[in-house]
Amino acid sequence: MSTTEQGPLLGPADIRDLAATLGVRPTKQRGQNFVIDANTVRRIVRTADVGPDDVVVEVGPGLGSLTLALLETASHVTAVEIDDVLAAALPATVEARIPRKAAAFDLVHSDAMLVRELPGPAPTALVANLPYNVAVPVLLHMLDTFPSIERTLVMVQAEVADRLAADPGSKVYGVPSVKANWYAEVKRAGAIGRNVFWPAPNVDSGLVSLVRRAEPLKTTASKREVFAVVDAAFAQRRKTLRAALAGWAGSAAAAEAALVAAGVSPQARGESLTVEEFARIAENKLPQPDTGTAASDATAASDTTAGD
């Protein structure tokens with residue numbers, strides 16, 4: 001460790017030395033950009049409001065920069081890492097840098113999108129520097145799979161951060177905005193410069209805070225049904241909802257009927273609607289004749305579609 005102030009955390013020289021020892025070269029395929037600044041990871045932990053009682057799940061820990069900062073404060077940290085070499089090395093890094101907390105650390109060597117359970121106590125917080133190419137699907141999957149997660153703070157590409165935190169009416173409001181809002185109150189929580197990463201990315205990053213709704217959104221429609229409306233609305237976002245939802249509803253007339261019943265103008269566009277309004281539209285979909293499973297399978301939306 002290079003400075004007393006840095007403590008057990010990894011600095012630029014530590015990161016490069018560790019990567020060289022492991023033969024690791026950050027890959028664009030997995031969106032790997034390692035944080036090399038101790039002040040940045042401590043700032044992330046503070047912004048996430050991680051306390052000594054928190055059980056944190058981290059996705060994509062890489063070489064362990066943020067992991068170590070989380071372990072300084074949290075009760076327990078479970079890291080989910082897909083890379084074989086990084087997953088194998090991280091427990092040893094934790095043991096070497098912060099041995100008193102080694103027993104409070106678990107590693108899950110897996111694709112985060114395949115994780116359905118975690119070792120140890122249920123997570124109360126998700127804190128992660130998410131790979132840019134899978135940030136939204138991973139975020140939505142984790143929120144859906146682990147309802148015990150009360151608070152989330154993710155570092156993502158600035159453009160993705162803007163989309164996640166966008167309000168209805170914004171040009172960047174879309175599928176990620178609505179689906180994230182199904183689970184939580186979402187807001188931008190800061191900006192991160194390029195120089196705190198190795199290698200430095202070609203884009204800026206942003207922090208997004210998500211605080212889970214105290215009570216689930218009140219609707220008689222299922223999440224799958226609501227998300228199907230969202231996906232259909234933004235698949236043709238330039239069209240009016242009457243036209244964009246025609247395929248989902250079975251016809252333009254059926255779409256109009258559902259919209260009117262939901263109190264939404266058929267001439268509106270998806271970018272103007274709240275998640276509550278999408279839920280009302282889903283509630284008012286008219287039953288369609290059963291024409292087999294192919295049509296329903298085709299329109300069934302993935303819970304984790306990133307979309308527009």
What I'd like to find out is whether the side chain of [X] reaches to under 4.5 Å of the side chain of [Y], using heavy atoms alone.
{"X": "Leu90", "Y": "Phe105", "result": "yes"}
{"X": "Arg213", "Y": "Asn181", "result": "yes"}
{"X": "Val136", "Y": "Leu140", "result": "yes"}
{"X": "His76", "Y": "Val56", "result": "no"}
{"X": "Leu210", "Y": "Glu185", "result": "no"}
{"X": "Asp54", "Y": "Ser75", "result": "no"}
{"X": "Met113", "Y": "Val134", "result": "no"}
{"X": "Asn129", "Y": "Phe197", "result": "yes"}

Problem - Whether Ser272 side chain and Arg269 backbone form a donor-acceptor pair below 3.5 Å - result: yes
Spatial distance of atom [atom1] ([X]) from atom [atom2] ([Y]) [nearest 0.5 Å]:
{"X": "Glu58", "Y": "Thr78", "atom1": "CD", "atom2": "OG1", "result": "10.0 Å"}
{"X": "Leu259", "Y": "Arg242", "atom1": "CG", "atom2": "CZ", "result": "9.5 Å"}
{"X": "Glu72", "Y": "Ile98", "atom1": "CD", "atom2": "CD1", "result": "5.5 Å"}
{"X": "Leu22", "Y": "Leu63", "atom1": "CG", "atom2": "CG", "result": "6.5 Å"}
{"X": "Glu271", "Y": "Asp167", "atom1": "CD", "atom2": "CG", "result": "13.0 Å"}
{"X": "Leu143", "Y": "Thr152", "atom1": "CG", "atom2": "OG1", "result": "4.5 Å"}

Exercise for the section: Apply side chain to side chain contact (heavy atoms under 4.5 Å, CB included) to the pair Val35 and Leu66, showing each step before the final yes or no. Expected result: CA-CA 8 Å; Val35 182; Leu66 179 56; over 6 Å; no
Problem - Glu276 atom CD: more than 12 heavy-atom contacts under 6.0 Å - result: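 More than 12 within 6.0 Å, yes.
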Under 3.5 Å, is there a donor on one side chain and an acceptor on the other for [X] and [Y]?
{"X": "Thr124", "Y": "Glu150", "value": "no"}
{"X": "Tyr183", "Y": "Asp144", "value": "yes"}
{"X": "Thr219", "Y": "Glu283", "value": "yes"}

Treating Ile, Leu, Val, Met, Phe, Trp and Tyr as nodes and any side-chain heavy-atom pair under 4.5 angstrom as an edge, say whether [X] and [Y] lie in one connected cluster.
{"X": "Val275", "Y": "Val211", "value": "no"}
{"X": "Phe34", "Y": "Val85", "value": "yes"}
{"X": "Val154", "Y": "Leu118", "value": "yes"}

Please report the shortest heavy-atom distance between [X] and [Y], naming the atom on each side.
{"X": "Gly174", "Y": "Arg237", "answer": "CA-NH1, 4.2 Å"}
{"X": "Pro119", "Y": "Val108", "answer": "CD-CG2, 3.6 Å"}
{"X": "Ala122", "Y": "Ser148", "answer": "CB-OG, 3.5 Å"}
{"X": "Pro176", "Y": "Arg163", "answer": "CG-NH2, 3.9 Å"}
{"X": "Leu68", "Y": "Pro8", "answer": "CD1-O, 3.5 Å"}

Handout entry: Stepwise ring pair (Phe, Tyr, Trp, His ring centres under 6.0 Å) test for Phe278 and Trp182
Key = CA-CA 10 Å; Phe278 280 111; Trp182 168 270; over 10 Å; no
